[in-house]
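Please read the structure below before turning to the comments.
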Amino acid sequence: MSKKKKYYVVWVGMTPGIYETWDECLRQTKGYPNAKYKSFKTLLEAQQAYSGAPNFASKASSKSSTPNINPAGYAKMGVIMDSFCVDAACSGNPGVMEYRGVWTQDQSELFRMGPYKHGTNNIGEFLGLVHALALFNKLGKHKMVIYTDSRTGMAWLRNKKVKTTLVKNAETRVIWTMIDKALFWIHNNTWDHTILKWDTKGWGEIPADFGRK
């Protein structure tokens, strides 16, 4: 008896898209950091999933480490629910840094990068913003609202310039390579997404927070 045909949506991988075989999906996701993908029974379901906000169910997906807050509570406080949040965490300055992005509505994680040695929190916040912008552009999503709790990250993005005291040497090569790639991207691309400051005082910790405070 032949297997039923499936369709595979790759949201995060070498080339995001819809694939008709597992081998094609595997080629796009194997070895790719935090690859996000899922199989569907029909092409229509796959197309709808690919065009909408992903609800990841792959092995690479994970839940937010922040407490699950009732979306209705956020809405009452004025949070735009059809939005995305990024945040970073760093142990030390410089220290071990990582960043991630989650959907505001259900706090499901879209990407998580790191940990990287010799980073800073500001660098992670900036990289998280650029990662979100580049990913949404690649996925063909327009006019997304992206929240961050970092004024520094917003300023670096707005000015297209990173003001950090992190020295360039062999130890920081990986971090600086990421910074340079991010700067190259923002200097050579445009976007119609809106970056907003998360009101931590009024709303509590941003949904993408790592919960380590």
Side-chain angles (χ1 to χ4, degrees), residues 9 11-12 16-17 34 36 48-56 61 64-66 68-90 97-114 120-164 178-211:
V9 173
W11 287 282
V12 182
N34 299 303
K36 308 297 182 184
Q48 291 174 337
Y50 184 64
S51 62
N55 179 19
F56 298 123
S61 65
S64 168
S65 60
T66 53
N68 186 29
I69 298 175
N70 187 340
Y74 275 149
K76 288 181 180 179
M77 291 186 289
V79 176
I80 299 172
M81 298 309 299
D82 186 13
S83 62
F84 192 71
C85 297
V86 297
D87 198 25
C90 189
M97 178 273 291
E98 55 189 319
Y99 68 85
R100 69 178 189 148
V102 308
W103 297 102
T104 306
Q105 179 71 36
D106 62 5
Q107 300 175 50
S108 60
E109 189 174 83
L110 178 57
F111 60 78
R112 179 190 290 248
M113 302 300 292
T120 71
N121 196 68
N122 284 336
I123 290 173
E125 301 277 10
F126 169 72
L127 292 175
L129 282 172
V130 179
H131 190 133
L133 291 173
L135 181 57
F136 288 144
N137 273 19
K138 189 173 184 178
L139 293 177
K141 293 184 178 296
H142 298 284
K143 298 183 179 179
M144 294 293 299
V145 172
I146 304 171
Y147 282 109
T148 175
D149 61 9
S150 173
R151 294 189 185 278
T152 298
M154 294 175 71
W156 289 1
L157 178 64
R158 181 173 59 252
N159 298 326
K160 298 185 178 182
K161 185 177 182 180
V162 170
K163 292 185 177 182
T164 178
M178 296 171 66
I179 293 172
D180 290 339
K181 286 183 177 179
L183 289 172
F184 180 84
W185 190 90
I186 62 178
H187 278 283
N188 291 276
N189 290 273
T190 60
W191 56 89
D192 59 4
H193 313 299
T194 302
I195 310 298
L196 296 179
K197 174 68 171 63
W198 182 265
D199 182 5
T200 304
K201 185 176 180 179
W203 303 338
E205 296 296 341
I206 192 168
D209 182 69
F210 282 80

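Side chains are part of it too, since the values below use all heavy atoms of this structure and drop only hydrogens, waters and symmetry mates. Start at 1 with the first residue, then count along the sequence.
Atoms CE and NE2, from Met144 and His142 in turn, are 11.5 Å apart once rounded to the nearest 0.5 Å. Atom CD of Glu109 is separated from atom CD of Gln107 by 11.5 Å, given to the nearest 0.5 angstrom. Atoms CG and CD, from Asp87 and Glu205 in turn, are 7.5 Å apart once rounded to the nearest 0.5 Å. Atom CD1 of Ile206 is separated from atom OG of Ser150 by 9.5 Å, given to the nearest 0.5 angstrom. Arg158 contributes atom CZ, which lies 11.5 Å from atom CD1 of Ile186 (distance to the nearest 0.5 angstrom).
Side-chain contact check for Thr120 and Asn122: no donor-acceptor pair (N or O, by modelled atom type) lies under 3.5 Å. Between the side chains of His193 and Asn137, at least one donor N or O sits under 3.5 Å from an acceptor N or O.
No more than 12 heavy atoms of other residues, nucleotides or ligands lie within 6.0 Å of CG in Asp82, so this atom counts as exposed by the packing criterion. The 12-atom threshold is exceeded at NZ of Lys197, counting heavy atoms of other residues, nucleotides or ligands nearer than 6.0 Å. Atom NZ of Lys160 has more than 12 heavy atoms from other residues, nucleotides or ligands within 6.0 Å.
Residue Pro207 is tested with Tyr74, Trp103, Tyr147 for a side chain to side chain contact (heavy atoms under 4.5 Å, CB included); the sole match is Tyr74. For the side chain to side chain contact (heavy atoms under 4.5 Å, CB included) criterion with Ile80, the lone passing option out of Thr104, Thr194, Leu196 is Leu196.
Between the side chain of Asn189 and the main chain of Trp185, a donor-acceptor pair closer than 3.5 Å is present. In terms of modelled atom types and a separation under 3.5 Å, the side chain of Arg100 and the main chain of Val86 share no donor-acceptor contact. Distance alone, capped at 3.5 Å, places no donor-acceptor pair between the Trp156 side chain and the Glu125 backbone. Judged by distance alone, the side chain of Asp106 and the main-chain N or O of Ser108 form a donor-acceptor pair under 3.5 Å.
The shortest side-chain heavy-atom distance between Val145 and Phe84 does not fall under the 4.5 Å cut-off. The shortest distance between side-chain heavy atoms of Ile195 and Leu157 falls below 4.5 Å.
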Stepwise, does the side chain to side chain contact (heavy atoms under 4.5 Å, CB included) test hold for Glu98 with Phe210?
-> CA-CA 9 Å; Glu98 55 189 319; Phe210 282 80; 3.6 Å; yes
Would you check, one step at a time, whether the test side chain to side chain contact (heavy atoms under 4.5 Å, CB included) holds for Thr164 with Ile123?
-> CA-CA 8 Å; Thr164 178; Ile123 290 173; 4.0 Å; yes
Expected list for residues 126-134: side-chain donor-acceptor pairs under 3.5 angstrom, two or more places apart:
| residue | atom | partner | partner atom | Å |
| --- | --- | --- | --- | --- |
| His131 | ND1 | Tyr99 | OH | 3.0 |

